[in-house]
Amino acid sequence: MKYLTTIGPWFLLAIAVAADAAAGTNARAPATEADLRFWLENMVWHHRFTVEEITAATGLSEAEIAAASKKFNIIPATRPQRGANAPLLVLPYPGGRHPRSGFLDGAINPQRETKLSVFTPWDEQSYVVVDVPEAIWSNLGLTYLAHSHIPTLWTQQKLELEKREWNRRADGTLDIERKLPNGIVFGAKVVPAAKAVRLELWLTNGTKEPLRDLRVQNCVMLKGAKDFNQQTNDNKVFSRPYVACRSAHGKRWILTAWEPCHRAWANPQVPCLHSDPQFPDCAPGETQRLRGWLSFYEGTDIEGEFRRIDQTGWRHADADEARSDSGPTRGRSARLLVRIGAQNYRQNAPFKDAVLRD
């Protein structure tokens, strides 16, 4: 293929070729020139993908990748530096590189639209991949799954869900929404701050019957986080709703939590962290919400850090109500304390059903 001095003409042809190449694979060709630039910056600057991984993610050839990278001057040397007080870097995960180290047969064909990368504050090359949500169960069965592993309501009916992408907002937040074939709508919002990331999940019951047993699995995968990716649970601490992973050197931590949490656990094979929440029962037309937290800590008093984080009020505030990781939130969030706290205690019974073995 010959490339013109402007990107436009060849880009249209390249995208058409890439779309054909991506058919039947998990690759997603960039939809526009701006999309191409964003994903190349994402993969080259931040995730440090190889050419082969970029091809796997986009369907573009090596020559097309080289031409676009040259056009946009996207090389490691032009990577921008994160400011000292800037929010944590949070990016949509591009696919093309499996986010797990092990138990790959439990996450076949992982879909990128639920996955985002949160880069650590101490190493710009290290990141965790958050899958939110990885899975949703209800009284109807396995209602959503972000990869192929076991049958869902929709695979049993031979229904294929459309591919979605994160909405990237100017203030750095990410959000996404999906409507399922039976009318259930769910979505996620991610709000980065300087030392923490606030997360929110919501679900609206668009069916004519009440929804119950709405269990969610959210996964924080550690493969890309240097010094945290050992395949063991010996470096994990579980203090529901908090789950934390200690670095190999012992003084750095990655921790996550969701509220209300019904199960805190980790899979050493992946390796990953789980603070899995549960929506309250949801009547037709009703919307229920869950709140999440992810942050990084340097020190040795992890239980003290859990207590400090509790003081931020994250359990009772919407993700967009606060961008700070310190200081209690106020207003209507305080009025949610009794309702959510009571729900959490009601759900503290042991988890009896078979759980997706992440």
Side-chain angles (χ1 to χ4, degrees), residues 1-84 86-99 109-121 123-130 162-176 190 192 223-226:
M1 181 183 297
K2 295 185 181 296
Y3 299 101
L4 304 181
T5 55
T6 57
I7 197 169
W10 74 260
F11 173 75
L12 296 176
L13 178 58
I15 290 302
V17 172
D20 287 342
T25 73
N26 208 22
R28 299 191 186 186
T32 65
E33 185 174 311
D35 210 31
L36 172 64
R37 182 169 189 163
F38 169 80
W39 285 111
L40 282 179
E41 291 175 349
N42 178 308
M43 292 182 282
V44 175
W45 280 352
H46 302 295
H47 287 97
R48 292 168 167 78
F49 272 19
T50 64
V51 171
E52 292 76 15
E53 289 172 327
I54 297 173
T55 295
T58 64
L60 294 170
S61 70
E62 181 177 350
E64 291 159 353
I65 294 165
S69 298
K70 181 178 180 180
K71 175 68 180 182
F72 297 128
N73 194 27
I74 301 172
I75 58 175
T78 60
R79 180 188 307 113
Q81 298 298 310
R82 175 176 175 260
L88 291 168
L89 180 61
V90 178
L91 294 172
Y93 190 68
R97 173 190 290 167
H98 204 294
N109 198 30
Q111 300 302 300
R112 78 182 188 189
E113 59 256 43
T114 61
K115 296 170 182 61
L116 55 97
S117 297
V118 181
F119 287 77
T120 69
D123 179 5
E124 64 178 12
Q125 299 187 42
S126 290
Y127 60 92
V128 298
V129 177
V130 184
E162 68 170 326
K163 294 180 178 179
R164 306 285 293 164
E165 298 286 2
W166 288 98
N167 296 310
R168 308 187 299 267
R169 307 301 180 183
D171 63 355
T173 63
L174 301 173
D175 61 80
I176 194 168
V190 182
K223 174 183 175 180
K226 183 182 178 182

How close do [X] and [Y] get, counting heavy atoms only, and between which atoms?
| X | Y | result |
| --- | --- | --- |
| A56 | A27 | O-CB, 3.2 Å |
| S117 | V129 | OG-CG2, 4.0 Å |
| E113 | I176 | O-CD1, 3.1 Å |
| E62 | T55 | N-OG1, 4.4 Å |
| A57 | P94 | CB-O, 3.6 Å |

- For P76, which residues count as a side-chain contact (heavy atoms from CB on, under 4.5 Å) partner, sequence neighbours excluded? V44, R79
- Item | side-chain contact (heavy atoms from CB on, under 4.5 Å) partners for K226, two or more places apart |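 Checked K226 against side-chain contact (heavy atoms from CB on, under 4.5 Å); matches are D123, S126.
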Within this structure, what is the [atom1]-[atom2] distance for the pair [X] and [Y], rounded to the nearest 0.5 Å?
| X | Y | atom1 | atom2 | value |
| --- | --- | --- | --- | --- |
| N26 | Q111 | CG | CD | 4.5 Å |
| W39 | R112 | CH2 | CZ | 4.0 Å |
| L91 | E41 | CG | CD | 10.0 Å |
| I65 | I54 | CD1 | CD1 | 5.0 Å |

Does [X] reach the side chain of [Y], with side-chain heavy atoms less than 4.5 Å apart?
| X | Y | value |
| --- | --- | --- |
| T58 | M43 | yes |
| I75 | K70 | no |
| W166 | V190 | yes |
| P92 | L116 | no |
| R82 | L88 | yes |
| F72 | L36 | yes |
| Y93 | P110 | no |
| V118 | V130 | yes |

- Item | Of all pairs that satisfy salt bridge (Lys or Arg N to Asp or Glu O under 4.0 Å), the ones with a partner from residues 49-59, not counting sequence neighbours |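 Listed by first then second residue: E53-R97.
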- Any donor and acceptor pair, going by atom type alone, linking the side chain of K223 with main-chain N or O of H98 inside 3.5 Å? yes
Could you work out, with side chain to side chain donor-acceptor pair (under 3.5 Å) as the rule, every residue matching [X], not counting sequence neighbours?
| X | value |
| --- | --- |
| E124 | R48 |
| R168 | none |
| D175 | N167, R169 |
| W45 | T78 |

- Task: Indicate yes or no: does E33 engage R37 in a salt bridge with an N to O separation below 4.0 Å.
- Result: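 Salt bridge between E33 and R37, a charged N being under 4.0 Å from a carboxylate O: no.
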- Message: I'd like to check the salt bridge (charged side-chain N to carboxylate O under 4.0 Å, His left out) partners of K115; sequence neighbours left out, ordered by chain and number.
- Response: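 Once residues adjacent in sequence are excluded, the partners of K115 under the salt bridge (charged side-chain N to carboxylate O under 4.0 Å, His left out) criterion are D131.
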- Task: Let me see the working for L89 and Y127 under side chain to side chain contact (heavy atoms under 4.5 Å, CB included), right down to the final yes or no.
- Result: CA-CA 9 Å; L89 180 61; Y127 60 92; over 6 Å; no
- Sequence neighbours excluded, which residues qualify as ring-ring contact (aromatic ring centres under 6.0 Å, His included) partners of F49? H47
